[in-house]
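Structure first, then comments.
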Amino acid sequence: MIPVMRPWLGQDEAEAAAAAVASGWVAQGPRVAEFERAVAARVGAAHGVAVSSCTTALHLALALGGIGPGDEVIVPSLSFIATANAARYVGATPVFADVDPATANLTAKSIEEVRAPATRAIVLVHQGGMPAALGEVRALAAAHGLLLVEDAACALGSTYEGAPVGAGAAIGAFSFHPRKLVTTGEGGMLTADDADVAARARRLREHGMNVSAAERHASAQPVLERYLEVGFNYRMTDIQAAVGLVQLAKLDAMIARRRRLARRYQHLLSGLPGLEVAADPPYGTTNYQSFWVVLPDDAPVGRDEVLARMQAAGVSCRRGIMAAHLEPAYAGHPAVPLPVTERLTRRSLILPLFHQLTESDQERIVSALAEATGL
Ligand SMILES: Cc1ncc(COP(=O)(O)O)c(C=O)c1O
């Protein structure tokens with residue numbers, strides 16, 4: 001069976017994790033601090049605050065922005081459900097906007113269609129690594145005084161107009177789940193340029209404490225910590241950060257390999273009439289965290305049947321990106337019509353793409369897809 005994704009982990013990650021264990025400091029400590037600096041530098045942000053997941057980074061982002069009950073947060077429905085849930089965590093209302101058919105991301109136009117007096121924030125997703133049209137969305141957010149959070153869960157190493165996704169973001173949120181390029185098992189990173197925002201994020205991830213455990217440990221004098229506000233335990237461990245540091249050093253090689261494989265997919269799939277495939281937008285580059293294809297509306301075989309046939313042929317694919325408004329958790333939640341979202345979620349599937357995928361695997365996948373779709 002060809003899996004849809006396999007993390008690129010090896011002996012170096014195992015040794016780094018073992019060294020963290022042997023050091024005796026396994027919770028948030030020096031390796032987390034080093035990982036924060038390394039990720040912030042890589043994405044062009046002034047500060048990185050490591051957390052337990054991208055979901056917790058998104059929760060903190062909205063809490064930092066003072067978003068709460070009565071506030072509306074514009075999000076794509078076409079995203080992993082955590083994007084919408086983050087608004088719910090702070091008691092705000094997620095408002096779904098439709099997406100662009102080529103990039104699967106929100107646009108200034110789709111956001112404008114649902115913007116209302118209660119709108120306080122936008123969570124702009126760079127879906128599956130595909131950079132969103134940042135310039136126009138930043139301009140809209142600035143014009144209306146809205147907090148713009150960039151959900152870059154999948155987009156580490158993607159670029160927008162030559163700069164890494166994360167650069168210039170008021171708040172960015174990244175994931176290190178194993179479906180992403182760089183993994184720490186579970187993990188996330190909040191990035192920000194504003195030192196006060198980053199300092200408060202550090203405090204909120206650690207119970208609202210005014211001094212971290214690592215700082216207390218390093219101090220020659222007893223330090224009596226204070227709890228300045230109600231925070232959370234959203235910390236990353238030094239074992240995770242040790243793995244993340246090794247992984248991050250491999251990011252450029254991962255992206256180069258995936259982009260080479262994606263170009264080859266695009267070439268091989270050009271023989272399937274009507275099939276749309278993921279590709280760079282004109283203004284940036286994707287890291288191809290997800291390589292999706294969209295079946296034509298008149299395709300002879302339905303998407304779910306294609307998935308089943310691929311599985312039977314020994315190729316593990318996934319349905320395309322989910323749509324939160326179609327899930328029971330959002331039943332009855334008001335939403336404007338979302339025709340592009342519904343088409344993409346129903347007609348798309350994600351093909352295997354990972355560092356170790358071979359060219360012959362790709363040929364097998366493409367011929368299985370031709371057979372399964374009848375295109
Ligand atoms: C767009 C998006 N946001 C948030 C998340 C949540 O990330 P995590 O699993 O690190 O909480 C994901 C995970 O796939 C995602 O794709």
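Read the numbers this way: they start at 1 and go in the same order the structure lists the ligands and their atoms. All figures in this text were calculated on a predicted structure; none of them were measured in a lab. The analysis underlying the following values was restricted to heavy atoms, covering all of them including side chains, and did not include hydrogens, waters or symmetry mates.
- In terms of N/O distances under 3.5 Å, ligand 1 is approached by Asp151.
- Taking the ring pair (Phe, Tyr, Trp, His ring centres under 6.0 Å) definition, one finds that His47 meets it with nothing, sequence neighbours left out.
- Ligand 1 does not have Gly188 within reach: every non-hydrogen atom of the residue lies 4.0 Å or more from it.
- Note: the hydrophobic cluster containing Val306 also contains Val315 (ILVMFWY, side chain heavy atoms under 4.5 Å, direct or indirect links).
- When Ser53, Ala155, Ala152, Ala153 are ranked by how near their heavy atoms come to atom 15 (C) of ligand 1, first place goes to Ala153.
- The aromatic rings of Tyr160 and Tyr283 sit tilted relative to each other, their planes meeting at an angle between 30° and 60°.
- Contacts between Arg179 and ligand 1, counted as non-hydrogen atom pairs separated by less than 4.0 Å, are absent for every part of the residue.
- Those atoms of ligand 1 that come under 4.0 Å of a heavy atom in Val125, given as number and element, are 1 (C).
- Considering both main-chain and side-chain atoms, Thr55 comes within under 3.5 Å of ligand 1 through a nitrogen or oxygen pair.
- Between His333 and Tyr330, the ring-plane angle classifies as perpendicular under the 30° and 60° cut-offs.
- The salt bridge (charged side-chain N to carboxylate O under 4.0 Å, His left out) analysis of residues 83-104, with sequence neighbours excluded, yields no pairs.
- The Lys180 neighbourhood of ligand 1 comprises atoms 13 (C), 14 (O), with distances under 4.0 Å to a heavy atom of that residue.
- The shortest N/O to N/O separation between Ser175 and ligand 1 falls below 3.5 Å.
- Residue contact annotation: His126 has no non-hydrogen atom under 4.0 Å from ligand 1.
- Judged by distance alone, with hydrogens and angles left aside, the side-chain atoms of Thr159 form no donor-acceptor pair with the main-chain N or O of Gly162 at under 3.5 Å.
- Between the side chain of Asn287 and the main chain of Cys154, a donor-acceptor pair closer than 3.5 Å is present.
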Where do Val277 and Tyr265 land on the side chain to side chain contact (heavy atoms under 4.5 Å, CB included) test, with the steps shown first? CA-CA 9 Å; Val277 302; Tyr265 260 145; over 6 Å; no

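- The option with the heavy atom closest to atom 16 (O) of ligand 1, from among Cys154, Ser79, Ser52, is Cys154.
- The shortest N or O to N or O distance between Cys54 and ligand 1 is below 3.5 Å.
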